[in-house]
Structure formats: C-alpha cells, structure tokens
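In what follows, a structure is listed as structure tokens, so that the remarks can point back to it.
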Amino acid sequence: MSEKTIGHGTWYDKMAQKVISRERKLGQSLDLVKTEMGLGASGFPHIGSLGDAARSYAVTLALKEMGFNSELVAFCDDTDGLRKVPVGLPASLKKYLGFPVSSIPDPFGCHESYGKHMSSLLLDALDKCGIQYHYLSAKEVYEKGLLLDQIRTILLNAKKVGEIVKEEVGQDRYTEVLPFFPVCSKCGRIYTTKAYKFEPETDKVLYKCEGLEIRGKLIAGCGHEGEADIAKGEGKLTWKSEFAARWKALDIRFEAYGKDIADSVKINDRICREVLCFEPPSHAKYEMFLDKGGKKISKSAGNVFTPQVWFRYGSPQSLLLLMLKRFVGTRTLDVSDIPSYMNELDELEDVYFGKKQVGAKEAVKLRGLYEYCWVMKTPAKPSIHVPYNLLAFLVKMAPQECLNAFLTEKLQSYRYLQKNQQVDADLAKRVEYALNWVQDFEEIKETPVSLTEAEEAAVTNIVTVLEAADEPDEIQNAIFNAAKTNGLKPGAFFKTLYLILMGAPQGPRLGPYILAMGKQNVIAALRRALSKK
RNA sequence: GGGCCCGUAGCUCAGUCAGGCUAGAGCAUCGGACUUUUAAUCCGAGGGUCGCGGGUUCAAUUCCCGUCGGGCCCGCCA
C-alpha cells in the first residue's frame, strides 16, 4: 500500500537499500560501501562488459544518494591467460596462448601490454560515460600481496574448497589440485601448471607445467617443475576462489554478475563464508546481451559489438539508458537499435524537464532513470531534440558542400531551431552520429531509373528551364509545369525526380534544394538519367 | 544433467524497485484535412482470449505452481 518512493524510484535505489539493510543486519561498518566489477583484459571489451560497470556504478550512485560513502572498484583481470586469439588480431599471437595477458606485448604497440590495451578500451568507455571507479590491476594486487592472507587460508583449506566445488558443480579437479595457477617460471604460461603442494612456511606452491585443454584445444606445457611464491605475484587463484579472496581483502559489499558465471559466484559465496569467514557481498544477476540472431555477444564469436561502435552512432547517455533501463531479462541488441535509444533519451529528458506530462508514478521512475543515465550530473537545460531519423535523412540529402547551412535552414523551417538560432555543440554531435550512421548503413544507391516517354519530355523541359532559372520558386514551379504539360501527376513526377537525384522516393522541397546542390550538378544528373535509356 | 530469459495489436516492444480505474507506445494499415507536393504534419479509425491451465487476492499482464513453444547460460577456462 505504501507508495513511498525509494531514492530516485529505480531498481538501483531499491538494491542500494537492500544492501544497506543487509549490512546493518550483519553489523558491518558502513563507512565505505564498495561495489565491484571485473574488467576483462583478454579480448576486445564488448557492450556487455560495460553493462556490468554501468549497473554496479548505478548501485554506487544510489548508495551515495542515500548518503553513504561508496565507490566502484574496477578490478582488472590482467593476470588471466590468453585462451584464444581474438578475431581480427594477428595469428602470430598464437605463441602467447596461455600467457598472462599482462606479459604479452601489445599487438597495437601503444600500451605496455596486450592486457593494458584491451582494458584501456573499456576504461575509455567508462570515462566517456562518466563512470568513476577505483582501478586495481590484478597483477599489482598479487605482486603487492594484497590477497596474501586469503590465498594462504584458501590453500591451507584446499581440501574444503575442493569439496565445495565438487558439491556445487560436480567438478572434482580441485579435490586433487590446488585452486591456484602458478605462472611457469620456465615457459611463462599460466593455466598449464598444476599446483600440487603448498608449503606454508615459505609461501611456496609446487607445480608441474603439464598443459591444459581449453575448449577442446590443448595448450601444451613445458614439463617444468618448479615453485611459485604466492606473495610475489607468481601465480593467481583460480576463479573458483579468487572472487572470495577479493571480496574479503577489498571489503566488497555488492557485485553484479552475468549468468555465465553464476556457478562461479555460488561457489565463491560458500568459500567466502565457510573458508574465509567473511559474509559475501550482495549480488544481482543479470542476463547476457544477445545479438538479434540470439547468439551471445562475445569477443571470440567475432560478432563484436563494442562500446566504441556504439559511440560512433549514439551518445554515452543513450548507451547507459540501454544498460540501466531494465535490469532483468535477456536483451537482444543490434546496432540498428541505437536511434531508438537516442530518441527515448530525448523523451526522458522531456519528462525530466516537465515538457512531457505522464502519470505521477511514471514520472518519478522516468526522471530517476534519466538521472542515472547522466550519472546524476543532469544538464541544466534541455537539449534540442531532433528525431534521429530526421537528422539521418537530412544529412543524407544535404549537399556535401554546405551541410551546416542546409541543416540549419531546414531545422529552422521545421521549427526545431528558432529563427536565427544556430546548431549548438550538442546538436552538432547528433549530426555527427547521423552522418556516421548514413555513411555506414545508408549509402545512397545509384539506382538507375527508367523513364517513360512523358517523363523524359518533362525532364528535358526542366533541364531547359534550369539553364536559365536561379530562383527557388521558379524552379519549383517549373517542375509542376513540366509535369502538367506532359500529362503527369505532379506527385508521381516528384517521386521520379527524387529517385534520380537522391535514390529515395521522397526528399526536401526541390526548388531550394536544387540550387543548394549546385544547378550544374543537377542538370548533369538529369542528363545522365536521360541518356541511360 | 543443472539453471535462466522470453511469449502482450500485423511488426518491434513498454507495462517487473512497488498487483489497482476502460492494457499502452512507435511503426504499419485504413479514412479525412492541408490541395505548389518537402522527412510531411494534423485529426480520426480499426486491431489484443496479455502462450495455456490452475492457485493466492477484494483485485493478477504483474505474485506462486504446473505446462507448451522459442532461445540462452553453465557442466574445461574465465
């Protein structure tokens, strides 16, 4: 019955409240409530990776809005090994299969390692979205020994860990092998090593580099037997225990996760509780993003939809809208959805600024969503809203030479801009998106138009008139006259002209457009159409 | 073997923080207006057993159980 709005009325506010009441019940300190996300570093970051960040950060924001101190930890998995050479990268990387990504040179040559390069792509996207985070590199964390206590505890209780894994997912590997991957000191690979003994007195793990089969492919080991110092970053915990160590060591209270690692989280929760004696963070599970064909969007499949691709056609806020709009449910996703998210964001903005009226309850929700899309830094005044399709259409039709003048004039006449109002920075950005869109997806096709005899005669008439005319109205009238004198319906004839001139069945008012386009160009185009017969 | 998501108008989907008036939007379709015509715009119309069956409730598209159909994830690594 109670209609009290929590925070900004979104899912994130509710989650934040849940986190807090759980922490209170557990009697934990609320001085700093940390959330965490994993920062993949083994391949090109896809859209889904940003979803993880956006949602966790939204919870952090919600916590802050509730008056708590909170931060998002971005934990970079740069000690993970390279399992597969991603599509689009040179096959020469094959020799690094099994190497920690932080020890592989950057194939692009601009970062200190392969891992840095990949993770920086995602960090760049986070920055564009205004998502703030506390960056931690796994490599550094291990080298500094920040997880040392937890690693020790886990290795000393490896038997128990192995049992938990077996109970939860039926995998019995870890009843024999320690849940730790040393980096082979001879060949430099991780994952190929089998850790069989822990010596607590020296913090050393004894291993043999045997090789490991991943996705049907064997990454060969070198056979070396050695020992790794767990205090010096000479290896890492497997994921079926690393989360737990991180949560405790870094004091994490909330972590969202994709359903693909659901089992891993389940196991880690138990390890955290039963082995490390630390209550694991609150969780929220989200679904994967699928492409329109229903396939998981992943780097290895080659259908990479990266944040960078999104930013080519849409704003960071529109991407956050996609991420935050709905938490549950599988999302199918395609580049072609970007315009609708851009438009939807404009609608939210209208609601936020009271330009569009909706029900009170609805308004609260939509305003809240808008605020989160702007990571609480909402603009002071609304932007100029031009529907994406219209902009795309206009930039497609616009003569290259005078794009801005053409756009400004059209937008003024459509009343999107006031008289004398010019295109501002935000609108210019929208134009850029639309231009990219049109360039990439709507190339103007030069479809040959076959003309009837009457149409030919009319086109010829127009060419004649054009030679002399230089007033928009004069040209506009000439087209009508040409149609009428040749017994054509003006509507149909206009359509023909649009097809000839721009390959679309409709377009802007022709009189002014022909002048803007350059009379001679138009005459040439018309003559080409005539000669195509 | 274990788990999850989806199923609402011809199409794409909202409607799931939190059950509540005649279930909405966009597009598409049809009709009308403006008749020199521009992506049109404006007005209006039609169209839905909310997959199916049960249950909880004063009240279910919404919550619970079952079921059918479509799809995904995990079961090696992460």
Side-chain angles (χ1 to χ4, degrees), chain A residues 1-18 38 40-43 62 77 79-84 98 168-171 173 181 190-191 212-219 236 238-240 242-243 258-264 266 285-290 292-296 298 300 325-332 336-337 340 343-344 347 358-359 361-362 364-365 368-369 386-387 389-394 396-397 410 413-415 472-473 476-481 483-484 489-495 497-498 504-513:
Chain A
M1 278 287 112
S2 77
E3 290 284 310
K4 215 167 41 185
T5 299
I6 302 168
H8 296 262
T10 69
W11 186 91
Y12 307 97
D13 299 289
K14 194 199 171 194
M15 192 67 225
Q17 197 189 46
K18 267 191 193 161
S42 48
D77 295 311
T79 49
D80 287 5
L82 184 67
R83 285 163 288 152
K84 198 184 166 189
E168 292 296 333
V169 296
Q171 180 192 22
R173 173 183 169 88
F181 277 122
I190 195 166
Y191 296 162
L212 186 70
E213 190 179 309
I214 292 177
R215 283 186 206 278
K217 282 190 182 169
L218 183 78
I219 298 180
K236 76 183 286 282
T238 70
W239 263 36
K240 289 193 173 80
E242 186 183 270
F243 272 137
K259 78 170 174 186
D260 51 340
I261 58 164
D263 284 337
S264 192
K266 212 184 328 178
K285 181 169 69 176
Y286 55 84
E287 293 286 320
M288 304 282 90
F289 284 88
L290 310 176
K292 286 292 190 217
K295 285 222 162 178
K296 184 172 90 155
S298 76
S300 53
K325 181 180 172 178
R326 199 166 45 150
F327 194 94
V328 295
T330 306
R331 310 290 296 278
T332 59
S336 63
D337 297 328
S340 61
N343 291 337
E344 188 174 343
E347 263 184 67
V358 293
K361 205 170 157 186
E362 180 103 4
V364 169
K365 246 161 104 168
L369 183 55
V386 182
N389 297 343
L390 172 58
L391 265 189
F393 176 83
L394 286 177
K396 184 162 78 173
M397 295 306 155
K410 285 296 155 201
S413 76
Y414 298 158
R415 302 279 170 79
D473 284 347
Q476 188 78 17
N477 286 333
I479 298 172
F480 275 93
N481 292 334
K484 279 180 204 157
K489 287 180 101 175
F493 185 54
F494 267 91
K495 193 170 164 186
L497 287 178
Y498 286 122
Q506 73 284 308
R509 189 180 171 91
L510 278 177
Y513 181 75

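Scope of the values below: all heavy atoms of this structure, side chains included, with no hydrogens, waters or symmetry mates. Naming: A, B, ... by sequence-line order, numbering from 1 per chain.
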So for A:Lys259 and B:C72, does any side-chain atom that can act as donor or acceptor lie under 3.5 Å from a complementary atom in the base? yes
If I pick the P atom on B:U57 and the same atom on B:C50, what distance separates them, to the nearest angstrom? 22 Å
Quick check for you: to the nearest 0.5 Å, what is the distance between A:Ile261 atom CD1 and A:Lys259 atom NZ? 13.0 Å
Between A:Lys285 (NZ) and B:C74 (P), how many Å, whole number? 12 Å
Taking only side-chain N and O atoms of A:Lys325, does any of them lie within less than 4.0 angstrom of OP1 or OP2 on B:A14? no
Is B:G1 paired to anything, Watson-Crick or G-U wobble with both distances less than 3.5 Å, and if yes, which nucleotide? B:C74
Quick check: closest heavy atoms across A:Ile190 and A:Thr79, and the distance to 0.1 Å? CD1-O, 3.7 Å
When rounded to whole Å, the CD1 to C1' distance for the pair A:Ile214 and B:A78 reads 9 Å
Measuring from A:Tyr191:OH to A:Ile214:CD1, what's the distance to the nearest 0.5 Å? 6.5 Å
When the C1' atoms of B:U62 and B:C6 are considered, how many whole Å apart are they? 15 Å
Polar-atom pairs under 3.5 Å, protein N or O versus N or O of nucleotides 26-28 of chain B: list them with distances, or write none.
none

Has A:Gln171 got a side-chain N or O lying under 4.0 Å from the OP1 or OP2 atom of B:C77? yes
For the C1' atoms, the ones on B:A78 and on B:G69, what distance do you get once it is rounded to whole angstrom? 33 Å
Those residues at least two apart in sequence (or on a different chain) that pass side chain to side chain contact (heavy atoms under 4.5 Å, CB included) with A:Gln17 are A:Ile6, A:Met66
Taking any heavy-atom pair under 4.0 Å as a contact, classify A:Asp13: base, sugar-phosphate, or nothing. nothing
Work out how far the C1' atom of B:G2 is from that of B:G20, and round it to whole angstrom. 38 Å
Euclidean distance, atom CG of residue A:Leu369 to atom P of B:A18 [Å, nearest integer]: 16 Å
Can you tell me how far C1' in B:G7 sits from the matching atom in B:G48, rounded to whole Å? 14 Å
Expressed as a whole number of Å, how far does the C1' atom of B:U56 sit from that of B:C73? 32 Å
Tell me whether A:Asp263 is salt-bridged to A:Lys240, with the criterion being a basic N under 4.0 Å from an acidic carboxylate O. no
Integer-rounded Å distance: B:A18 P and A:Trp11 CH2: 11 Å
Separation of A:Lys266 atom NZ from B:C4 atom P, in whole Å? 9 Å
Taking atom P in both B:G54 and B:C74, what distance in whole Å separates the two? 37 Å
Between A:Trp239 and A:Asp80, does the side-chain contact (heavy atoms from CB on, under 4.5 Å) criterion hold? Intermediate values first, please. CA-CA 10 Å; A:Trp239 263 36; A:Asp80 287 5; 4.0 Å; yes
Could you state the atom-to-atom distance from OH of A:Tyr286 to P of B:C5 in whole Å? 16 Å
Counting the atoms with a prime plus P, OP1 and OP2 as sugar-phosphate, which does A:Thr238 contact under 4.0 Å by heavy atoms, base, sugar-phosphate, or nothing? sugar-phosphate
Would you kindly give the CG-to-C1' distance between A:Asp263 and B:C76, to the nearest whole Å? 13 Å
Just the rounded figure in Å: distance from P of B:G2 to CD of A:Glu168. 15 Å
Answer with base, sugar-phosphate or nothing: what part of the nucleic acid does A:Lys18 contact at a heavy-atom distance below 4.0 Å? nothing
In the structure shown, which nucleotide is the Watson-Crick or G-U wobble counterpart of B:C30, with both distances under 3.5 Å? B:G44
Under 4.0 Å between a side-chain nitrogen and a carboxylate oxygen: does that hold for A:Glu344 and A:Lys325? yes
A:Val169 vs A:Ile261, nearer the 5' end of RNA chain B by closest nucleotide: A:Val169
Across all strands, who's sitting opposite B:U49 as a Watson-Crick or G-U wobble pair, both distances under 3.5 Å? none
For A:Ala62 and A:Ala16 the tightest heavy-atom approach is CB-CB, 3.6 Å
Any idea which of B:G3, B:C74, B:C77 is nearest the A:Asp260 side chain? B:C74
Please give the distance between the P atoms of B:G31 and B:U67 as a whole number of Å. 49 Å
Pairing partner of B:C63 (Watson-Crick or G-U wobble, both distances under 3.5 Å): B:G55
Hey, does A:Phe243 reach any base, or is it just sugar-phosphate, or nothing, if we go heavy atoms under 4.0 Å? nothing
Please give me the minimum heavy-atom distance between A:Leu218 and A:Glu213, naming the atom from each residue. CD1-N, 4.0 Å
